[in-house]
Amino acid sequence: MAIFNIDKILYYGRYYSNERQEYKTLWWFCLDDFEVYDTQKLIEQYAYVNCKEIISSEKYIPLFRTDIISLEKRFIKERGFHDLKIQDYQVNDYDVAFKIFIERHFLTKQWYEFERKQLYNDAVKWCKENGIPFKSE
């Protein structure tokens with residue numbers, strides 16, 4: 001069995017709990033070619049009917065998901081800031097307010113390091129749970 005480079009999938013694991021999504025699972029890992037496919041492509045191009053049918057094929061497994069909104073809230077809290085209020089930034093989206101906040105407080109680099117570390121940890125856990133041999137660059 002090939003060894004999978006885990007760095008290829010890290011950012012596919014991002015999930016935004018504040019966004020309405022058509023499918024519960026957005027990304028699938030193919031056990032045959034170790035590539036990532038989106039649900040829409042599998043349904044439109046490979047004639048699957050729904051996510052249940054994709055799972056039953058035993059060819060694809062749902063990719064891990066890291067809730068970015070929860071992670072952003074944890075990042076704010078761990079740095080000793082009070083809960084971020086989106087109305088203070090005149091936007092309707094927590095993620096947008098968060099990006100403005102980290103830019104204003106010069107925390108952008110720390111955020112992206114924090115996010116990458118969590119995505120990596122979640123990907124490693126997912127690989128181990130699914131018996132996927134992996135490496136990292």
Side-chain angles (χ1 to χ4, degrees):
M1 180 179 249
I3 296 178
F4 178 67
N5 182 351
I6 200 170
D7 297 302
K8 286 176 58 177
I9 64 166
L10 292 185
Y11 295 98
Y12 285 104
R14 285 181 174 144
Y15 164 73
Y16 292 84
S17 58
N18 66 333
E19 294 179 0
R20 189 178 184 298
Q21 297 173 352
E22 185 175 355
Y23 302 106
K24 182 179 178 189
T25 300
L26 296 177
W27 301 104
W28 299 85
F29 183 78
C30 180
L31 296 169
D32 292 341
D33 63 11
F34 283 16
E35 294 295 327
V36 175
Y37 294 86
D38 68 87
T39 301
Q40 195 68 37
K41 182 176 184 174
L42 291 175
I43 289 173
E44 289 175 3
Q45 294 182 2
Y46 297 100
Y48 289 103
V49 176
N50 54 35
C51 291
K52 187 175 181 179
E53 191 174 284
I54 296 170
I55 289 172
S56 67
S57 76
E58 297 184 4
K59 183 177 179 175
Y60 301 95
I61 55 174
L63 204 61
F64 73 97
R65 294 185 339 166
T66 300
D67 184 350
I68 298 302
I69 301 301
S70 294
L71 193 61
E72 289 171 345
K73 290 177 180 179
R74 194 172 96 209
F75 179 82
I76 294 289
K77 186 177 180 182
E78 287 182 10
R79 273 140 193 86
F81 293 99
H82 296 292
D83 199 23
L84 181 64
K85 305 280 188 260
I86 64 171
Q87 63 271 18
D88 294 344
Y89 294 92
Q90 300 176 344
V91 296
N92 293 325
D93 183 276
Y94 187 90
D95 184 57
V96 173
F98 175 80
K99 297 297 191 301
I100 294 168
F101 176 87
I102 63 171
E103 188 175 299
R104 287 185 182 169
H105 290 88
F106 306 102
L107 295 169
T108 304
K109 183 178 181 201
Q110 291 101 323
W111 160 249
Y112 286 114
E113 289 170 356
F114 183 84
E115 178 194 40
R116 187 185 192 293
K117 182 180 177 185
Q118 186 63 53
L119 291 168
Y120 179 84
N121 290 341
D122 290 350
V124 166
K125 180 181 175 191
W126 174 83
C127 282
K128 289 178 179 178
E129 288 173 353
N130 289 287
I132 300 169
F134 66 92
K135 65 179 180 177
S136 180
E137 293 178 352

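- Formation of a donor-acceptor pair under 3.5 Å by the T39 side chain with backbone atoms of T25 is found in this model.
- Exactly one residue among Y94, F81, F106 makes a ring-ring contact (aromatic ring centres under 6.0 Å, His included) with F101. That residue is F81.
- Of all the heavy atoms in L119 and G13, the pair that sits closest is CD2-C, 4.1 Å.
- Annotation for L31 and E58: closest pair CD1-O, 3.8 Å, computed over non-hydrogen atoms.
- Listed by chain and residue number, nothing satisfies the side-chain hydrogen bond (donor to acceptor under 3.5 Å, both in side chains) test with Y48 (two or more places apart in sequence, or in another chain).
- Counted within 6.0 Å of CD on Q110, heavy atoms from surrounding residues, nucleotides or ligands total more than 12; the atom is thus considered enclosed.
- You'll find the side chain of I54 stays beyond 4.5 Å of the side chain of Y46, heavy atoms only.
- Ring-plane geometry between W111 and F114 is classed as tilted, the angle between the planes lying from 30 to 60 degrees on a 0 to 90 degree scale.
- Put simply, the side chain of E72 does not reach to within 4.5 Å of the side chain of E115, judged on heavy atoms.
- Between the OH atom in Y12 and the OG1 atom in T66 there is a gap of 15.0 Å [rounded to 0.5 Å].
- Rounding to the nearest 0.5 angstrom, the gap separating the CH2 atom in W28 from the CG atom in L63 is 10.5 Å.
- Applying the side chain to side chain donor-acceptor pair (under 3.5 Å) test to pairs two or more places apart or on separate chains, none has a residue in residues 123-135.
- For S56, the side-chain contact (heavy atoms from CB on, under 4.5 Å) partners two or more places apart in sequence, or in a different chain, are E53.
- Within the 4.5 Å cutoff, no side-chain heavy atoms of L71 are placed close to those of F75.
- Between D7 and R116 there is a salt bridge, since a side-chain N of the basic residue sits under 4.0 Å from a carboxylate O of the acidic one.
- For D95 against D93, the heavy-atom pair with the smallest separation is N-OD1, 2.9 Å.
- In this structure, Y60 has its ring center at least 6.0 angstrom away from the ring center of F29.
- Two residues are said to be in side-chain contact when any heavy atoms from C-beta on lie closer than 4.5 Å; F98 and I69 fail this criterion.
- Every residue meeting the side-chain hydrogen bond (donor to acceptor under 3.5 Å, both in side chains) condition with E78, not counting sequence neighbours, appears here in chain and number order: R74.
- In this structure, OG1 on T108 lies 9.5 Å from NZ on K99, to the nearest 0.5 angstrom.
- Residues forming a side-chain contact (heavy atoms from CB on, under 4.5 Å) with D38 (at least two apart in sequence, or on another chain): W27, Q40, K41.
- Minimum interatomic distance between C30 and Y37 (heavy atoms only, all atoms of both residues): CB-CE1, 3.6 Å.
- Considering only residues two or more places apart in sequence or on other chains, E35 meets the side-chain hydrogen bond (donor to acceptor under 3.5 Å, both in side chains) condition with K8.
- Minimum interatomic distance between L10 and A123 (heavy atoms only, all atoms of both residues): CD2-CB, 3.7 Å.
- For the atom pair CD (Q118) and OG (S70), the distance works out to 10.5 Å, reported to the nearest 0.5 Å.
- To the nearest 0.5 Å, atoms CD1 (I3) and OG (S136) are separated by 12.5 Å.
- Contact annotation: the side chain of I61 approaches that of I132 to within less than 4.5 Å [non-hydrogen atoms, C-beta and beyond].
- Looking only at side-chain heavy atoms (C-beta outward), F64 and C127 stay at 4.5 Å or farther from each other.
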